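Here the structure comes first, spelled out in structure tokens, and everything after it is commentary.
Indexing begins at 1, ligand by ligand and atom by atom, following the structure's order. These numbers come from a predicted model, not from an experiment. Nothing fancy with the numbering, it's 1 onward along the sequence. Because only heavy atoms are used, hydrogens play no part in the values below, and waters and symmetry mates are left out as well, while side chains stay in.
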Amino acid sequence: MTDVPLFASSLAPYHDRLTEAIDRVARSGRYILGPEVEAFEAEFAAYLGVGHCIGVANGTDALTIALRGLGVGPGDEVVMPSFTFYATAEAAIVAGATPVFCDIDPDTFCVTAETVRAVLTPRTKAIVPVHLFGNLAPVPALRELGVPVVEDAAQAAGATLDGVKAGALADAATFSFFPAKNLPCLGDGGAVVTDDDRVAGLARLLRFHGSTDKQTFTEVGYNSRLDEMQAAVLRVLLPELDSWNERRRAAAAAYERLGLGEHATLPHSIEGARHVYHLYVVRAERLAIGRGYYRVPVHRQPAIGSDAHLPGTEEAARTNHALPMGKDLTEDQVREVVAACASGST
Ligand SMILES: Cc1ncc(COP(=O)(O)O)c(C=O)c1O
């Protein structure tokens with residue numbers, strides 16, 4: 001068994017700059033919804049090429065708020081993959097809607113227009129494709145289905161499809177800045193992004209109890225804000241994101257070049273996609289190292305209990321293995337992982 005870490009990324013080189021940013025906030029006296037959040041929202045919106053970014057407490061709330069911003073509520077169905085983190089479904093349920101699970105293409109680990117179309121009903125109010133592991137779901141084809149689309153881009157900060165950033169492809173999108181993500185903060189954080197002024201306005205209202213002025217409450221919302229310290233941290237790290245993603249892509253290329261493909265089916269992307277390898281997940285019936293990242297799909301979780309028939313999802317759940325990945329993964333470490341896969345050692 002190799003001791004290369006699964007998440008091979010360290011913020012050590014940024015400690016001084018992060019400490020400085022945190023100190024600036026600590027001395028400012030502004031901790032919630034102040035100038036750092038406002039500046040980060042503008043910087044992240046500009047980076048993605050969208051009109052609005054609304055900082056919220058985490059990526060799960062971001063999805064709930066984005067769905068409600070699009071008018072999703074009780075009686076509505078939201079189509080999504082089952083092969084994702086549980087939060088994707090949980091967020092729709094918290095919004096009052098019913099998740100309807102569609103299958104994925106096990107080669108990309110993402111939904112396709114065909115798998116989504118197969119479960120659409122007159123009650124479908126939104127589609128939530130997940131850019132899983134940093135790979136791109138085919139959002140333009142999904143938008144042709146005529147239902148609002150919300151990208152779950154929690155794992156795909158910086159990924160692009162035909163040059164357009166994940167997050168700028170649909171009616172709205174959501175991000176998580178959980179510490180293991182490609183763009184991390186030092187705790188929980190998330191964002192809703194959209195070009196739609198109305199959705200943005202509603203999301204801003206919902207993150208603060210459904211009020212703009214603390215006096216009049218026009219919605220039942222949430223207490224879900226990105227805080228000033230996390231925003232200041234994100235402002236230090238956002239300018240590094242593209243170079244970090246390049247390093248992840250170089251590590252993925254090294255896995256391929258050093259022969260991992262002889263032991264497992266390697267990640268595959270749709271045409272025009274620039275994968276950012278939040279995780280490096282391969283498929284194999286048996287592999288000496290790595291472990292299934294999502295082993296029980298969401299539709300079969302005890303709290304959900306759907307009887308959906310999803311063969312691509314079941315295959316992915318049975319055969320996926322996450323191998324070490326991160327901006328700090330070296331070629332020697334990649335070689336070590338490939339050798340461990342080749343030797344069959346455990
Ligand atoms: C695909 C996906 N959706 C949603 C979330 C939820 O984000 P958070 O943990 O910030 O609530 C995550 C992150 O864990 C995720 O990976």
Item to complete: Answer yes or no: does atom CD of Glu38 have more than 12 heavy-atom neighbours from other residues, nucleotides or ligands under 6.0 Å?
Response: no

Discussion item. Are more than 12 heavy atoms, taken from residues, nucleotides or ligands other than Glu256, located less than 6.0 Å from that residue's CD atom?
Written reply: no

Discussion item. Centre-to-centre under 6.0 Å for Phe85 and Phe178, is that the case here?
Written reply: no

Discussion item. Run the ring-ring contact (aromatic ring centres under 6.0 Å, His included) test on Tyr294 and Phe109 for me, step by step, so that the C-alpha distance in whole Å, both residues' side-chain angles and the decisive distance to 0.1 Å come before the verdict.
Written reply: CA-CA 11 Å; Tyr294 298 122; Phe109 295 119; 9.2 Å; no

Discussion item. Which protein residues come within less than 4.0 angstrom of ligand 1, counting heavy atoms only?
Written reply: Asn58, Gly59, Thr60, Thr84, Phe85, Ala87, Thr88, Val130, Asp152, Ala154, Gln155, Ser176, Lys181

Worksheet item: Does Lys165 count as lying over the ring of Tyr47, i.e. NZ or CZ under 6.0 Å from the six-ring centre, within 45 degrees of the axis?
Response: yes

Discussion item. Whether the Thr121 and Glu77 side chains hold a donor-acceptor pair (N or O, under 3.5 Å, no angle test) is what I'd like checked.
Written reply: yes

